[in-house]
Amino acid sequence: MFNSIQIFGMALLGGLGAGELARRALSLPRTTGYVVFGLLVGQSGLGWIAPYDVESNQLFVDLALGLILFELGYQVPPLPISEGRSRLRAGIQISLSTGSAIALAILVLDFSVTSAVFAAALCLATSPAVTVATCSDVGAKGDKTGLLFTMVAINGCVAFVAVVCSMPLLDVDEPVRSLAGASTAIRELGTAVLLGCACTALVLLGARLLERRPEHQHLLILGVIVIGVGNAIYLDISVLLPMLIFGCLTRVLDRGSQVVAIRIASDARIFLVVTFVLAGAVMDVGVLMAHWLEALVLVIARAAGQVAGVLWNRHRLRLSTESAVYLSLGLQPMSSVALVLLANVQTLHAGLEPRLSGALLATILLMQLFGPLATQTAISGFGEATRLQSLDPAVVQPAANRVSREGDR
């Protein structure tokens with residue numbers, strides 16, 4: 001019905017309007033408005049944006065994902081080595097408890113063991129797009145927001161490694177192919193690390209030559225992200241790990257603060273809006289209606305695993321019980337990035353049982369709608385949301401005081 005340029009413009013303007021309506025009229029995150037608009041104009045609604053239209057804009061989506069992941073990595077605060085190790089151990093333990101809970105729920109739903117392991121790995125990651133966008137919209141600033149970014153980055157890396165390593169299990173009936181798949185997984189992980197390091201080196205070198213000039217440095221970073229994403233696609237690996245490493249290393253190694261990082265929520269908002277709208281457009285509400293029970297079980301199991309993991313590590317993370325619960329809430333969003341981890345969505349449908357594929361898609365849709373609200377609630381609970389005008393000051397001030405008292409302890 002529409003050409004690619006018309007679809008792009010409709011996604012941009014319609015998403016902008018829906019996001020502002022959600023923010024001002026309903027006090028919901030803008031990202032929720034973007035996704036709902038996508039559902040209205042996509043295959044679940046008016047049908048103006050069809051799945052093949054989304055495929056024709058896949059390059060744009062890949063670049064947006066690269067920007068989002070770079071910013072997530074860059075937002076991870078540098079820490080002393082001892083505290084960094086402590087957070088890394090906590091993040092891995094939280095991921096393991098979450099994955100175990102998901103795998104157990106999938107087994108209870110009468111799926112095979114190999115499907116349970118693979119799907120649990122796929123569901124581990126907290127959506128970086130929702131985290132970055134929602135934190136930017138509410139003006140999240142503070143130590144606990146930095147901790148949230150750190151945990152999201154860690155479980156994203158764990159999810160990527162787990163998905164790559166579990167892929168060969170889908171060929172369990174063909175030992176030779178499984179062995180070759182294990183070798184491919186190791187090579188993919190090594191390539192992803194090298195690509196992330198190469199992007200970091202290129203930006204640090206370019207930043208020294210360009211000095212602190214935002215217009216030039218933003219072009220440099222965007223160009224490196226484009227090259228990095230392009231190389232990841234060419235090498236047939238996911239962009240998740242290379243771009244996360246790129247962002248983290250750039251922040252850590254830029255000791256002279258020479259890099260002027262690009263912010264997708266402000267400098268490149270166009271990528272964020274269109275990506276959420278297209279993600280909503282490709283989702284099918286009918287799948288949620290058909291698999292609502294499985295989706296609900298997966299959401300509950302995932303949340304229980306995250307709460308248990310965070311509470312177990314709350315002393316290591318220096319959190320009160322209340323703050324630990326809010327951190328768990330902030331880790332809830334799960335979006336289509338879970339499917340992007342596969343590099344080829346067709347592999348998912350070929351290797352997994354059809355009912356489980358439907359359950360995963362239904363879970364992703366459910367969390368795209370409610371995940372941003374969970375993150376907004378978590379930041380508000382931390383007392384670090386500086387832009388939530390709709391909140392009553394009497395509620396915000398005690399939260400801020402609570403954070404101050406925890407810091408004093």
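Remember, it's a predicted structure, so these values are computed and weren't measured experimentally.
Contact of the Leu189 side chain with the Phe160 side chain is registered, since non-hydrogen atoms from C-beta on lie closer than 4.5 Å. Considering only heavy atoms from C-beta on, Arg314 comes within 4.5 Å of Thr321 through its side chain. Here the side chains of His216 and His218 are not in contact, with every heavy-atom distance at 4.5 Å or above.
With respect to the salt-bridge test (charged N to carboxylate O, under 4.0 angstrom), the residues Arg30 and Glu20 qualify.
Within the structure, salt bridge (charged side-chain N to carboxylate O under 4.0 Å, His left out) contacts touching residues 90-101 (residues at least two apart or in different chains) do not occur. Applying the salt bridge (charged side-chain N to carboxylate O under 4.0 Å, His left out) rule to pairs touching residues 197-212 yields nothing, sequence neighbours excluded.
Phe8 is linked by a ring-ring contact (aromatic ring centres under 6.0 Å, His included) to Phe60, counting only residues two or more places apart in sequence or in another chain. Residues passing the ring-ring contact (aromatic ring centres under 6.0 Å, His included) test with Phe246, sequence neighbours excluded: Phe70. For Arg269, the salt bridge (charged side-chain N to carboxylate O under 4.0 Å, His left out) partners two or more places apart in sequence, or in a different chain, are Asp137.
Annotation: Arg316, atom CZ; neighbour count of heavy atoms from other residues, nucleotides and ligands within 6.0 Å is above 12.
Checking Ser97 against Ser100 by side-chain atom types alone, no donor-acceptor pair falls below 3.5 Å. Of the N and O atoms on the side chains of Asn155 and Thr126, at least one donor lies less than 3.5 Å from an acceptor on the other residue.
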If you look only at distance, which donor and acceptor atoms sit under 3.5 Å apart when one is on a side chain in residues 279-298 and the other is two or more places apart or in another chain?
residue, atom, partner, partner atom, Å
Asp284, OD1, Gly286, N, 2.9
Glu294, OE2, Arg355, NH1, 3.2

